[in-house]
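Any value given below was found using the heavy atoms of this structure, including those in side chains, with hydrogens, waters and symmetry copies removed. In this text the structure is predicted, and so the values were computed from the model without any measurement.
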Amino acid sequence: MKGKCYIQGMAAITPQHTFEGDLSQPLVVTHGNMLSCVEPDYRSFIAPNSLRRMTRVLKMGLAASLKCLQDSGIAVPGAIVTGTGKGSLQDTERFIKEIRDYEEKALNPTPFIQSTYNAVNGLIALQQKCTQYNNTFVHRGFSFEHALLDSMLLLHEGTPDVLAGAFDEITPEHFFIKGRIGHWKKEVISNDALYEHVSPGTISGEGAIFFLLAPTATAQSYAQIGGLEMLYKPSPGKLKTALPQFLQKNGLQVTDIDLVLTGANADSNHAHYYEVLNDLTHCPQLPFKHLSGDYETAGAFALWLAGQMLKQQQIPSQWFPMLQQPPARLRNVLIYNHFFGEQHTFMLVQAV
């Protein structure tokens with residue numbers, strides 16, 4: 001889709017120290033294949049009596065959304081749109097275990113209610129008294145991108161601003177299940193050495209990232225989302241023609257791109273997709289999944305990174321030691337990501 005909107009505020013809870021938006025924080029190294037979020041003090045955003053009844057993903061989603069609204073200076077958004085791959089795994093697992101333990105009798109309904117995919121959206125709306133459009137997309141690797149597309153359409157139709165975001169969590173049980181079908185590496189590694197271990201599988205991650213999107217720019221805008229395109233199971237040949245076409249639709253050539261953020265994750269099963277970029281682009285390419293791990297909505301983390309880099313005009317060297325020569329300027333950043341070879345996305349993020 002060709003469309004433009006502006007990021008007026010954003011917030012991220014991830015396996016790195018991202019909540020305050022400070023790119024000078026050191027790299028958080030996790031010795032294992034399951035990355036967990038660095039969680040903030042929730043008491044600044046959520047009442048203690050509510051906090052006790054909420055699971056991790058609900059706390060992360062609500063706190064990140066409220067921090068994003070605080071960053072943008074807007075209390076009640078014109079719409080709330082999110083994407084998630086799995087929703088609240090902790091609540092889902094708890095409910096399923098109770099079905100077994102209590103033999104389907106006298107079940108506590110709270111885990112079932114909180115396990116629904118739109119629980120985070122509902123909490124945000126209740127907290128901010130937002131009675132406007134409210135939607136959640138659950139489309140695997142396209143979940144966040146569909147939420148972003150819906151947000152762009154809403155802005156085009158006259159909605160003044162949209163709170164868009166993504167949230168996913170990982171649990172030991174889910175890590176074990178996905179490990180059995182080959183999603184994760186068999187060897188135990190640390191995330192800072194991820195790209196030294198090109199083999200089947202990758203490392204898991206999680207995160208809650210939110211953006212306040214508006215149709216026009218202001219002095220505090222982080223970046224402009226210039227274009228978005230999704231491809232389902234493309235061949236490498238199709239991918240090779242799709243990228244120049246995507247850029248041309250947005251008035252750019254491949255040579256106009258200053259930086260590419262890629263979802264390369266050292267998974268040898270799908271590494272050939274990223275080799276296409278090597279033939280097309282000559283600017284620096286930075287993989288980001290050693291910071292976030294891999295999960296359905298990791299593209300939201302890449303967008304947060306791009307927004308911070310474009311506004312601050314810097315690339316954190318401690319997070320990207322593989323970068324030899326930083327670009328002289330950052331104007332056009334391309335994000336290319338895919339989820340285990342199926343859902344592929346291009347996102348163009350530009351300086352305001």
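Remark: side-chain polar atoms of Asn332 are not paired, donor with acceptor, to backbone N or O of Asp258 under 3.5 angstrom. Looking at Gln224, its side chain never comes within 3.5 Å of a backbone N or O of Leu348 through a donor-acceptor pair. No donor-acceptor distance shorter than 3.5 angstrom exists from the side chain of Ser190 to the backbone of His31, with no hydrogens or angles considered. Using a distance-only test at 3.5 Å, with no hydrogens or angles considered, no donor-acceptor pair links the side chain of Asn33 to the main chain of Ser204. Without hydrogens or angle criteria, Arg100 side chain to Ile96 main chain gives no donor-acceptor distance under 3.5 Å. With hydrogens and angles disregarded, a donor-acceptor distance shorter than 3.5 Å links the side chain of Glu206 to the backbone of Cys37. Side-chain atoms of Thr281 never come within 3.5 Å of backbone atoms of Cys283 as a donor-acceptor pair (strictly under, hydrogens ignored). No side-chain donor-acceptor contact under 3.5 Å links Asp161 to the backbone of Pro77. Gln128 places no side-chain N or O within donor-acceptor distance of the main-chain N or O of Val76, the cut-off being under 3.5 Å. Judged by distance alone, the side chain of Gln220 and the main-chain N or O of Gln8 form a donor-acceptor pair under 3.5 Å.
A distance of 8.5 Å separates OG1 in Thr84 from CD in Glu169, rounded to the nearest 0.5 Å. Separating the CZ atom in Arg331 from the CG atom in Leu252 is a distance of 11.0 Å, to the nearest 0.5 Å. Expressed to the nearest 0.5 Å, how far CG of Leu277 lies from OG1 of Thr262 amounts to 7.0 Å.
Across Ala147 and Gly83, no two heavy atoms sit closer than the pair CB-N, 3.8 Å. Nearest heavy-atom pair, His270 versus Gly341, reported as atom, atom and distance to 0.1 Å: ND1-CA, 3.8 Å.
Counting only heavy atoms from C-beta outward, the side chains of Val29 and Asn191 approach each other to under 4.5 Å.
Remark: Phe95 engages Ile99, Leu107, Pro111, Phe112 in a side chain to side chain contact (heavy atoms under 4.5 Å, CB included) (not counting sequence neighbours). Listed by chain and number, the residues in a side chain to side chain contact (heavy atoms under 4.5 Å, CB included) with Ser268 are Val198, Pro200 (sequence neighbours excluded). Partners of Ala328 according to the side chain to side chain contact (heavy atoms under 4.5 Å, CB included) rule, which considers only residues two or more places apart in sequence or in another chain, do not exist here. For Ala300, the side chain to side chain contact (heavy atoms under 4.5 Å, CB included) partners two or more places apart in sequence, or in a different chain, are Phe144, Ala166, Ile209, Phe211.
No continuous path of hydrophobic side-chain contacts links Leu148 to Ile80 [ILVMFWY only; heavy atoms under 4.5 Å]. Hydrophobic clustering (side-chain heavy atoms under 4.5 Å, transitive across Ile, Leu, Val, Met, Phe, Trp, Tyr) keeps Tyr6 apart from Ile74. Clustering ILVMFWY residues whenever any of their side-chain heavy atoms sit less than 4.5 angstrom apart, transitively, puts Val254 in the very cluster that holds Leu334. Placement of Phe301 and Leu330 within a single hydrophobic cluster is found when ILVMFWY residues are connected by side-chain heavy-atom separations under 4.5 Å, directly or transitively. Residue Trp304 is grouped with residue Leu286 when hydrophobic side chains (ILVMFWY) are merged at heavy-atom distances under 4.5 angstrom, including chains of intermediate members.
Salt-bridge annotation for Glu39 and Lys59: absent, with no side-chain N of the basic residue lying under 4.0 Å from a carboxylate O of the acidic one. Electrostatic pairing of Lys97 and Glu93 does not count as a salt bridge here, judged by no charged N lying under 4.0 Å from a carboxylate O.
Classification of the His146-His139 ring pair by plane angle, with boundaries at 30° and 60°, yields perpendicular.
The only member of Met230, His338, Glu229 that meets side-chain contact (heavy atoms from CB on, under 4.5 Å) when paired with Thr345 is Met230. His344 pairs in a ring-ring contact (aromatic ring centres under 6.0 Å, His included) with only one of the listed residues (Phe246, Tyr274, Tyr232, Tyr273), which is Tyr273.
The closest side-chain donor-acceptor pair between Asp294 and Asn265 falls under 3.5 angstrom. Residues Asp267 and Asn269 bring a donor and an acceptor atom of their side chains to less than 3.5 Å of each other.
Clustering of Ile, Leu, Val, Met, Phe, Trp and Tyr side chains at separations under 4.5 Å places Phe175 together with Met34, Ile170, Trp184, Phe339, Phe340.
Applying the ring-ring contact (aromatic ring centres under 6.0 Å, His included) test to residues at least two apart or on different chains, the pairs with a partner in residues 39-69 are Phe19-Phe45.
With a 6.0 Å radius and a threshold of 12 heavy atoms from other residues, nucleotides or ligands, Glu187 has its CD atom above the threshold.
Annotation: His290 is in aromatic contact with Phe320 [ring centroid separation under 6.0 Å].
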